[in-house]
Amino acid sequence: MNMRSDEVKSGYARAPNRSLIRALGITENEMHKPFIGVANSWNDIVPGHINLRLVAGRVREGIAAEGGVPFEFNTIGICDGIAMGHEGMRYSLPSRENIADSVELMIQAHRFDGLVCICTCDKIVPGMLMAAARCNIPAIVITGGNMLPGYHEGCEVSLTDVFEGVGKVAAGSMTEDELFEIECDAMPGCGSCQGLYTANTMACMTEAMGMSLPGCAAIPAVDAAKMRIAYETGRRSVQLVKDDIKPRDIITMQSMRNAVRVDMALGGSTNTVLHLMAIATEAELPFNLEDFNKVGDVVPHICAMQPGGPHSMQTLHRSGGIPAVFKQIERYLEDTMTVSGISVQAIADSVKYLNEAVIKCPDSPEHAGGGLRILKGSLAPSGCVIKCAAVNDDMWRHRGPARVFEGEMDAMDAILAKKISEGDVIVIRYEGPKGGPGMPEMLSPTSALMGLGYTKVALITDGRFSGGTRGPCIGHVAPEAAAGGPIGIVEEGDEIEIDLFERRLDLNISEDEMKSRLDNFRPLKKDLKGVLARYSKMVGQADKGAVTE
Ligand SMILES: CC(C)(O)[C@@H](O)C(=O)O
Ligand SMILES: [Mg+2]
């Protein structure tokens, strides 16, 4: 078999390269086997990542058992939860490009034959998928698994309860001591945060687009099933090399649409909109923002996952996981191939158990429409996104006065100081990809609003949200303020109109007024250094996935 790795190990001219490989302890027998790169984002600071060395051990054993040779290397990984609410959050989205670039650099330099991506948490999963699609060598992903729910006084709690507790303390409805107790109980160990937040949604998207083995996404991190699927993932990676099945054979327009269908059925994180487009861009697919609405129009929201509903990822796993979701929405899916060698339809057909109380039938769904919607209008000419699965019915149409903040921290101060009134539409700008820069996600203000008990306050931003955000929060407004978008010319008290039924977000000022304000608009400039300065220059707008060019 011709191998890509022959470029580093075949012929007399490669004696020096082979000599270095032998220095790793590689035998002559192994020298003739496929070399599999194992990208692992293990680290000591992210709860989602602390188990990944164990996962890697089983992956490596699976690779060796199937006749491959594993070579493990690391990427960085950022915990959005720890980075939340301060300057650190600006570094999270840029880390996605760094991870994609790191994996590309390693697999191109060393001419690996295949790739296993061991990843979890918000930016690492898309970053590695981007690298796989970009380099297009046989590749498979194993996501690291979710954290078990926490329990506080007999009730299930998760990370969002801690975030919303901050607002409750500010409102006086919870004491600081009670919040401390929830803080200690909410996060019981390794794994990605419990609900259908961004990390777990991206794990579901990975499985839905066919890049991980069936059932992988919902298996809890501590479950032995994760170790077993790690071994099978390793074995399968070698088979993919032998059969020459590449990521772009799996990541197609059809499989991207299937991912969106699963996203709509589950009501996933708004961040998937960015990440799926970025992955599609790497795979050179003409997949755009409109595809979300077109696909989402027909697929109902069938599973009430946290934060909009009660179910954790563990519950999704015990209810049948993504294969069971495939089964329930099979009428909407296209039959595509997955890295397992089993097609999506065959995976759906093989489902033996599914809990319909959790993963409902599309004929009696949670909501008739999909969980996410793309809106457009005079305030977001290139689009913006909302998780409508987590919006109360009475806020699907809303008009209110703009309360304008030039950044998240000012808005947070105003919210905690209770300077916001019911009906207000909070506008947080200069938090976009260029302007933030880094498009921070804003779980702190959105959770504070929930914790303070507001039910009729909307929030609009050119930044992002966490998968844990719930309520009428519209993000990714494009173009962003720093790129001259109309969000930059909103004035305090202007009327803003939201219509989720019509998929619109409008600034209710006259066309003349809009034109004159835009003509005179000079976006604010921030004094930036280091990676953020570079990123701000290179990054594109959210409606194209905020990829760097
Ligand atoms: C910390 C969270 C909840 O993981 C957040 O970053 C998300 O996007 O879901
Ligand atoms: Mg996040």
Side-chain angles (χ1 to χ4, degrees), residues 41 45-50 76-86 88-96 99 119-127 143-150 157-166 182-183 186-187 190-206 217 221 263 266-276 278 305-309 311-313 316 371-372 385-387 389-390 408 431 433 436 438-448 450-451 459 461 463-471 473 475-476 542 546:
S41 54
I45 178 70
V46 186
H49 285 69
I50 53 174
I76 61 162
I78 286 177
C79 175
D80 275 17
I82 298 174
M84 193 74 68
H86 51 87
M89 224 316 132
R90 303 190 191 291
Y91 294 82
S92 170
L93 188 59
S95 76
R96 184 188 72 179
I99 291 157
C119 49
T120 184
C121 296
D122 300 17
K123 310 305 173 302
I124 304 93
V125 179
T143 44
N146 47 83
M147 194 187 294
L148 295 180
V157 283
S158 78
L159 184 66
T160 49
D161 295 287
V162 195
F163 271 102
E164 293 186 13
V166 175
I182 293 175
E183 166 193 325
M187 310 300 281
C190 67
S192 49
C193 302
Q194 302 99 333
L196 190 68
Y197 312 143
T198 308
N200 292 326
T201 319
M202 282 313 299
C204 295
M205 297 298 91
T206 307
D263 206 5
L266 292 175
S269 164
T270 45
N271 286 310
T272 54
V273 177
L274 277 186
H275 300 323
L276 290 180
M305 298 293 294
Q306 296 167 8
H311 305 311
S312 68
M313 283 302 284
L316 182 67
L372 295 174
V385 59
I386 184 163
K387 184 191 281 193
E408 178 189 0
E431 295 291 15
M439 215 185 169
E441 54 186 52
M442 303 184 201
L443 187 54
S444 299
T446 63
S447 301
M450 289 294 138
L459 193 152
T461 181
R464 292 182 301 128
F465 297 120
S466 158
T469 290
R470 60 191 179 100
C473 301
H476 307 197

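Whatever order the structure lists them in is the order used to number ligands and atoms, beginning at 1. Everything quoted here is computed from the prediction, not taken from an experiment. Both backbone and side-chain heavy atoms feed into the values below; hydrogens, waters and symmetry mates do not.
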Close-contact set for ligand 1 against [X] heavy atoms, below 4.0 Å:
X    : answer
G81  : 1 (C)
G468 : 9 (O)
Y197 : 3 (C), 9 (O)
S466 : 2 (C), 3 (C), 5 (C), 7 (C), 8 (O), 9 (O)
D80  : 6 (O)
E441 : 5 (C), 6 (O), 7 (C), 8 (O)
L159 : 1 (C), 3 (C)
D122 : 4 (O), 5 (C), 6 (O), 7 (C), 8 (O), 9 (O)

Any nitrogen or oxygen of A199, main chain or side chain, under 3.5 Å from a nitrogen or oxygen of ligand 1?
no
Is there any N or O on T198 that sits under 3.5 Å from an N or O of ligand 1?
yes
Ion pair present between E431 and R464, side-chain N to carboxylate O less than 4.0 angstrom?
no
From the N, O or S atoms in [X], identify the one nearest to the Mg ion (ligand 2).
X    : value
D80  : OD2
D122 : OD2
E441 : OE2

For the atom pair OG (S41) and CD1 (I78), what is the distance rounded to the nearest 0.5 Å?
11.5 Å
What is the distance from atom CE of M313 to atom CG of L148, rounded to the nearest 0.5 Å?
12.0 Å
Under the side chain to side chain contact (heavy atoms under 4.5 Å, CB included) test against M439, which residue among N271, T461, L274 passes?
L274
Looking only at side-chain N and O atoms, does S269 offer a donor or acceptor that is under 3.5 Å from a partner on T201?
no
With distance as the sole criterion, is a donor-acceptor pair present between the side chains of S192 and Y197 under 3.5 Å?
no
When you look at D263 and M205, which way does the side chain to side chain contact (heavy atoms under 4.5 Å, CB included) test go after all the steps?
CA-CA 7 Å; D263 206 5; M205 297 298 91; 3.7 Å; yes
C473 versus I386, closest heavy-atom pair with distance
O-CG1, 3.5 Å
Looking at every non-hydrogen atom in both residues, tell me the closest pair between P94 and G438 and how far apart they are.
CD-CA, 4.0 Å
